[in-house]
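Every number for a ligand or one of its atoms is a count from 1 in the order of the listing. Predicted model only: the values in this text are computed from it and were never measured.
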Amino acid sequence: MAGTAVRGRLTWQTATVGAVSDETPRVRTLILEVPGWQGHRAGQHVDVRLTADDGYQAERAYSIASAPGEPLTITVERLDDGEVSPYLTEEAQPGDQLEVRGPIGGYFVWEAESGGPLLLAAGGSGVVPLRAIVRHRSQVGSSVPVKLLYSSRSFQDVIYSSELDFPPDGVEVIQTLTRSQPPSWHGYARRVDRQMLAEVAWPTADRPLAYVCGPTSFVESVAAGLVGLGYPAERVKTERFGATGQ
Ligand SMILES: Cc1cc2nc3c(=O)[nH]c(=O)nc-3n(C[C@H](O)[C@H](O)[C@H](O)COP(=O)(O)OP(=O)(O)OC[C@H]3O[C@@H](n4cnc5c(N)ncnc54)[C@H](O)[C@@H]3O)c2cc1C
């Protein structure tokens with residue numbers, strides 16, 4: 001049985017696109033139906049592979065947006081000049097088929113026994129695996145306190161906004177909008193910096209655990225900021241999405 005599970009993770013499996021929903025003008029959530037999906041943990045990702053009519057293939061990694069036990073779900077931000085994300089955000093329709101491989105990753109995973117308090121920091125689509133962690137926390141009835149510091153370009157770029165407006169008990173959402181803010185905006189209005197982290201982050205005496213995800217530059221600056229505040233580097237978990245801007 002163990003051999004079957006390992007083979008399942010490493011093998012490309014056919015996925016059928018189920019429901020799709022637009023989160024923002026550039027971001028779409030897709031439910032993927034994978035017969036025999038073996039399940040996943042909060043914080044893992046999958047590889048998605050597309051094959052063109054001429055046989056050309058492209059594969060990219062996408063974090064899993066759903067909690068363990070929920071249908072496999074990804075949330076993709078469109079890069080206009082990208083190869084894969086424009087297809088997933090604009091063309092993929094329910095019933096279309098693609099391939100997935102996974103779930104992948106054991107480091108950027110949160111489970112109840114991982115503890116907390118949790119500082120979750122996201123830049124742009126980096127919120128995707130953190131959403132899975134928040135959902136999993138609710139699912140298992142954990143009361144670990146959570147702060148989610150989430151940086152977006154503008155109000156209309158906020159992913160999962162309806163969920164973030166009503167977070168579960170014990171989850172505080174702190175948002176910053178880096179490029180433009182609506183007139184009534186009461187959150188932060190700049191890129192995440194040392195001062196913001198000092199105001200938001202749990203005191204180090206609480207032995208917090210941090211998960212930082214997003215574009216490489218965001219992840220590196222936030223992780224360095226947290227270490228500068230005294231967070232032990234091994235308690236700051238990072239997931240880099242690449243050079244995409246936020
Ligand atoms: C672990 C992990 C999880 C991820 N999870 C998510 C997620 O949940 N949601 C999400 O939206 N994204 C996620 N990503 C990012 C995702 O994998 C893709 O990188 C993203 O969707 C862009 O892919 P693309 O094919 O559209 O763009 P690409 O074709 O890869 O292009 C990306 C950018 O690089 C530029 N570029 C491409 N090739 C070159 C070149 N040769 N020289 C210079 N510039 C070049 C393009 O112009 C474009 O701006 C994740 C990445 C990782 C590693």
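- Tested against Tyr62, the residues Asp47, Val128, Leu88 include a single side-chain contact (heavy atoms from CB on, under 4.5 Å) partner, Leu88.
- Interface atoms of ligand 1 facing Gly82, defined by a heavy-atom separation under 4.0 Å, are 24 (P), 26 (O), 27 (O), 28 (P), 29 (O), 31 (O).
- Between Asp193 and Arg191 no salt bridge is recorded (no basic side-chain N to carboxylate O distance below 4.0 Å).
- Both Val200 and Val236 are members of a single hydrophobic cluster when ILVMFWY side chains are connected at heavy-atom separations under 4.5 Å.
- Listed by atom number, the atoms of ligand 1 under 4.0 Å from Glu83 heavy atoms are 24 (P), 25 (O), 26 (O), 27 (O), 28 (P), 29 (O).
- When Ala61, Ser63, Pro215 are checked for heavy-atom proximity to atom 16 (C) of ligand 1, Ala61 turns out nearest.
- Under 4.0 Å from ligand 1, the heavy atoms of Arg240 that appear belong solely to its backbone.
- Of all the atoms in ligand 1, the ones that sit under 4.0 Å from a non-hydrogen atom of Thr75 are 7 (C), 8 (O), 9 (N), 10 (C), 11 (O).
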Criterion side-chain contact (heavy atoms from CB on, under 4.5 Å) on Leu149 and Leu120, from CA distance to verdict: CA-CA 6 Å; Leu149 175 60; Leu120 309 178; over 6 Å; no
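- Considering every non-hydrogen atom in both Leu209 and Lys237, the closest pair reads CD1-CE, 4.4 Å.
- Here is the list of ligand 1 atoms found below 4.0 Å of a heavy atom in Val84: 24 (P), 25 (O), 26 (O).
- The option from Ile64, Val76, Asp81 that lies nearest to atom 48 (C) of ligand 1, judged by heavy atoms, is Asp81.
- Ligand 1 has no nitrogen or oxygen under 3.5 angstrom from a nitrogen or oxygen of Pro86.
- Each of the atoms 22 (C), 32 (C) of ligand 1 lies under 4.0 Å from some heavy atom of Leu79.
- Only the side chain of Val128 comes within contact range of ligand 1, with a heavy atom under 4.0 Å; no backbone atom does.
- Residue contacts with ligand 1: Glu77 is placed with a nitrogen or oxygen under 3.5 Å of a nitrogen or oxygen of the ligand (distance criterion only).
- At a cut-off of 3.5 Å, with distance as the only test, a side-chain donor of Glu23 or Thr29 sits close to an acceptor on the other residue.
- Between His45 and ligand 1, no N or O atom pair is found at a separation short of 3.5 Å.
- Figure legend: Arg49 and Trp12 shown as a cation-pi pair, the cationic atom lying under 6.0 angstrom from the six-membered ring centre and within 45 degrees of its axis.
- With a 4.0 Å heavy-atom cut-off, ligand 1 is reached by no atom of Ile74.
- Residues Phe241 and Ser125 approach most closely at CE2-O, 3.2 Å, considering heavy atoms.
- Side-chain polar atoms of Ser154 and Asp157 form a donor-acceptor pair below 3.5 angstrom.
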